[in-house]
Amino acid sequence: MSELDDRKWLRQAIDLSRSCPPSETAFSVGAIIVSADGEVLSEGYSRETDPHDHAEEVAIAKLADTGASLADGTIYTSLEPCSKRASRPRTCTELIIAAGIGRVVLAWREPSLFVDCEGVELLTTAGLQVIEYPDLANAVRQVNAHLLA
């Protein structure tokens with residue numbers, strides 16, 4: 001994917017995060033999984049089907065029974081994938097690695113409001129390509145302004 005493609009999909013993930021029901025205890029996040037040829041395979045947002053849903057978790061779960069190969073795919077997520085989690089047994093970082101997704105593109109590293117997140121480090125250590133566009137982080141902060149006040 002080109003930088004132009006990455007930015008387009010990441011902006012769409014940020015737009016998707018606006019669909020999240022608000023929460024005082026969790027960030028609003030959007031995630032889109034795109035194949036190497038630019039086809040949207042899945043998308044999800046925080047609290048889409050359950051109050052404990054994370055965006056990446058929802059997007060990956062929608063592909064569980066499809067047999068889709070994700071090795072050449074990219075997950076675009078507005079916020080760094082979680083690396084610590086109390087509400088579910090597996091973190092989004094673990095789910096991304098287990099799904100075999102090869103690239104992660106994000107706008108904003110998770111601030112230490114709730115946990116000290118190490119998603120980028122863990123993904124990189126696992127051999128995934130991680131690309132950040134911090135110039136798009138302000139849009140993610142705006143979606144989550146209710147937590148940052």
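The shortest heavy-atom contact between Ser23 and Leu147 is O-CD2, 3.4 Å. Arg18 and Ala139 make their closest contact through NH1-O, 4.4 Å (heavy atoms, listed as atom of the first residue, atom of the second, distance). Counting all heavy atoms, side chain and backbone alike, Pro81 lies closest to Glu56 at CA-OE2, 3.5 Å. Contact between Glu43 and Val58 at its shortest, heavy atoms only, is O-CG1, 4.3 Å. Closest heavy-atom contact between Ala13 and Ile32: N-CD1, 3.6 Å. Ser28 and His146 make their closest contact through OG-CE1, 4.3 Å (heavy atoms, listed as atom of the first residue, atom of the second, distance).
Ring pair Trp108/Phe27 is perpendicular by interplanar angle, where above 60° counts as perpendicular and below 30° as parallel.
Classification of Glu48 and Lys62 as a salt-bridged pair holds, one side-chain N sitting under 4.0 Å from a carboxylate O. At a threshold of 4.0 Å, the pair Arg109-Glu118 does not count as salt-bridged, since none of the basic side-chain nitrogens sits closer than that to a carboxylate oxygen.
Remark: Asp37 CG is packed, more than 12 non-hydrogen atoms of other residues, nucleotides or ligands lying under 6.0 Å away. In the displayed structure, Asn138 atom CG is contacted under 6.0 Å by more than 12 heavy atoms of other residues, nucleotides or ligands.
Taking CD of Glu80 as the start and CD of Glu132 as the end, the distance is 7.0 Å to the nearest 0.5 Å. Rounded to the nearest 0.5 angstrom, Arg7 CZ and Ile131 CD1 are separated by 11.0 Å. Rounding to the nearest 0.5 angstrom, the gap separating the OG atom in Ser46 from the CG atom in Leu79 is 8.0 Å. Interatomic distance, Asp5 CG to Thr74 OG1, rounded to the nearest 0.5 Å: 9.5 Å.
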Is there a side chain to side chain contact (heavy atoms under 4.5 Å, CB included) between Leu4 and Lys8 once you walk through the steps?
CA-CA 6 Å; Leu4 191 62; Lys8 175 186 88 168; over 6 Å; no

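A donor-acceptor contact shorter than 3.5 Å links the side chain of Asp53 to the backbone of Asp50. Ser78 places no side-chain N or O within donor-acceptor distance of the main-chain N or O of Ile14, the cut-off being under 3.5 Å.
Tyr45 places a side-chain heavy atom less than 4.5 Å from the side chain of Pro21. By the 4.5 Å heavy-atom criterion applied to side chains, Cys82 and Glu57 are not counted as neighbours. Taking 4.5 Å as the limit, every side-chain heavy atom of Gln12 sits out of range of all side-chain heavy atoms of Leu16.
Hydrophobic clustering (side-chain heavy atoms under 4.5 Å, transitive across Ile, Leu, Val, Met, Phe, Trp, Tyr) groups Leu148 together with Val140. With hydrophobic clusters built from ILVMFWY side chains whose heavy atoms lie under 4.5 angstrom apart, Tyr133 shares a cluster with Val29.
Annotation: salt bridge (Lys or Arg N to Asp or Glu O under 4.0 Å) contacts of Glu94 (sequence neighbours excluded): none. Every residue two or more places apart in sequence or in another chain that forms a salt bridge (Lys or Arg N to Asp or Glu O under 4.0 Å) with Arg103 is listed here: Asp6.
Through direct or indirect side-chain contacts shorter than 4.5 Å among Ile, Leu, Val, Met, Phe, Trp and Tyr, Val130 is connected to Ile33, Leu41, Ile60, Leu63, Leu70, Ile75, Leu95, Ile96, Ile97, Ile101, Val104, Leu106, Val120, Leu123, Leu128.
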